[in-house]
Engineer: 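Here it is, the structure in full.
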Amino acid sequence: MFDCRLVMPCGRSWPVRLLNIVSGCHFHTGWAKFCLANNIIHDDVLTFTMVDAGIFHVKRYNPRTGCPRLNDLQEEGVYGDSEHSCAPDVETSDDYVPSDTDGGDSSDEEEYVPDPEVLADDGCPTFTVTLDSSNISRSLEIPMAFWRRHIRMISLQDPVYFNINGDSWFIVFDHSATKIWVKRGWRRFKIANNIVVGTRCHFKLIDRIDVQFYVWFDRP
């Protein structure tokens, strides 16, 4: 028997006893309480990463989207510590507001062209941005036409998540009448993923309700 601790992405942890029997290792005492507290249900996909002796970081994934469930990433009013990939990036400039005259009107339907191959493949709409020096030094803009076509405008009031290879990044948007841009989280995201001028970023909308994008890159 081993005493372990299961830690969810929000930072909360539960003591659980691990039994080593003939059929293998099994979580025993404390497991039911962990499942009840986190509303673990049939078909949930869980990963357990041992980060220290008896300490397991647990991630739960939505079997439909393959992404972490948002309620595991945050407690009420809490978005993790400053080192967590889902924490708000307080160093992102909150003063930046793109001019409605710079770069045209992002509400223009011509600025968003759906990718028919991706949409036909899995039904998930995708947009692509080739990053320039303004994106690197300032922020990322989301095509207004894409958002209006595929996502409720009220969802701009809620956090959004960018998912890359199982990691989730907490993103806060702001908007004007014609533009949508990343208000918080962009600086940490671009540094951690080594994004530079010329990087082509693909954003696939995998959840339209709890807005989540799967992101991948074509690098210069």
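Sequence positions, counted from 1, serve as the residue numbers for this chain. FYI, side chains are in, hydrogens and waters are out, and symmetry mates aren't considered; it's all heavy atoms of this structure.
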Engineer: So how far is it from Gln212 CD to Leu205 CG, rounded to the nearest 0.5 Å?
Structural biologist: 9.5 Å
Engineer: For Val58 versus Pro9, what's the shortest heavy-atom pair and its separation?
Structural biologist: O-CD, 3.2 Å
Engineer: Kindly work out whether a path of hydrophobic side-chain contacts (I/L/V/M/F/W/Y, heavy atoms less than 4.5 Å apart) joins Val129 to Val197.
Structural biologist: yes
Engineer: When rounded to the nearest 0.5 angstrom, what distance separates CZ in Phe170 from CZ in Phe189?
Structural biologist: 14.5 Å
Engineer: Taking side chain as C-beta onward, heavy atoms only, is Val215 less than 4.5 Å from Trp169?
Structural biologist: no
Engineer: Output yes when a side-chain donor or acceptor of Asn135 lies under 3.5 Å from a complementary backbone atom of Ser139, and no otherwise.
Structural biologist: yes
Engineer: Work out which heavy atom in Met50 is nearest to a heavy atom in Phe56; give both atom names and the distance.
Structural biologist: CB-CE2, 3.8 Å
Engineer: Do you know the tightest heavy-atom contact between Arg219 and Asn194?
Structural biologist: NH1-O, 3.0 Å
Engineer: Heavy atoms, side chains only, cut-off 4.5 Å: are Asp174 and Trp181 in contact?
Structural biologist: yes
Engineer: Between Phe162 and Phe217, is there shared hydrophobic-cluster membership here, with clusters defined by ILVMFWY side-chain heavy atoms closer than 4.5 Å?
Structural biologist: yes
Engineer: Please name the pair of heavy atoms, one in Val196 and one in Ile136, separated by the smallest distance, quoted to 0.1 Å.
Structural biologist: C-CD1, 3.8 Å
Engineer: Run Phe203 and Phe146 through side chain to side chain contact (heavy atoms under 4.5 Å, CB included) and show every step you take.
Structural biologist: CA-CA 11 Å; Phe203 297 85; Phe146 177 92; over 6 Å; no
Engineer: Kindly indicate whether the side chain of Asp207, heavy atoms from C-beta on, has any atom under 4.5 Å from the side chain of Tyr161.
Structural biologist: no
Engineer: Quick one: pull up CH2 in Trp31 and CG in Leu36 and give me the separation to the nearest 0.5 Å.
Structural biologist: 12.5 Å
Engineer: On the 0 to 90° scale, with breaks at 30° and 60°, tag the Trp147-Phe213 ring pair as parallel, tilted or perpendicular.
Structural biologist: tilted
Engineer: With a 4.5 Å cut-off on side-chain heavy atoms, are Arg208 and Pro125 touching?
Structural biologist: yes
Engineer: Working to the nearest 0.5 Å, report the span between OG of Ser137 and NZ of Lys190.
Structural biologist: 6.5 Å
Engineer: Might you point out which heavy atoms bring Ser155 and Ile209 nearest each other, and give the distance in Å?
Structural biologist: OG-O, 4.3 Å
Engineer: Heavy atoms only: give me the nearest Met144-Ala177 pair and the separation to one decimal.
Structural biologist: CE-O, 3.7 Å
Engineer: Say you draw a straight line from CG of Leu46 to CZ of Phe34; how long is it, rounded to the nearest 0.5 Å?
Structural biologist: 6.5 Å
Engineer: Side chains of Thr126 and Trp216: does their closest heavy-atom pair fall under 4.5 Å?
Structural biologist: yes
Engineer: Under the side chain to side chain contact (heavy atoms under 4.5 Å, CB included) criterion, do Ile151 and Leu156 qualify, and how do the steps go?
Structural biologist: CA-CA 9 Å; Ile151 309 171; Leu156 284 168; over 6 Å; no
Engineer: Would you confirm whether Trp14, through its side chain, and Cys35, through its main-chain N or O, come within 3.5 Å as a donor-acceptor pair?
Structural biologist: no
Engineer: Do Phe173 and His175 have side chains that get closer than 4.5 Å, going by heavy atoms?
Structural biologist: no
Engineer: Starting at CG of Asp132, measure out to OG1 of Thr199 and round the result to the nearest 0.5 Å.
Structural biologist: 11.0 Å
Engineer: Heavy-atom count check: over 12 atoms from other residues, nucleotides or ligands less than 6.0 Å from Phe48 CZ?
Structural biologist: yes
Engineer: Can you list the steps and then say if Met153 with Arg148 is a side chain to side chain contact (heavy atoms under 4.5 Å, CB included)?
Structural biologist: CA-CA 7 Å; Met153 292 303 293; Arg148 285 178 172 167; 3.7 Å; yes
Engineer: Checking Val7 against Ile55 for the side chain to side chain contact (heavy atoms under 4.5 Å, CB included) test, could you report, in this order, the C-alpha distance in whole Å, the side-chain angles of both residues, the deciding distance, and whether it holds?
Structural biologist: CA-CA 7 Å; Val7 184; Ile55 306 296; 4.1 Å; yes
Engineer: Is the number of heavy atoms from other residues, nucleotides or ligands under 6.0 Å of Ile154 CD1 greater than 12?
Structural biologist: no
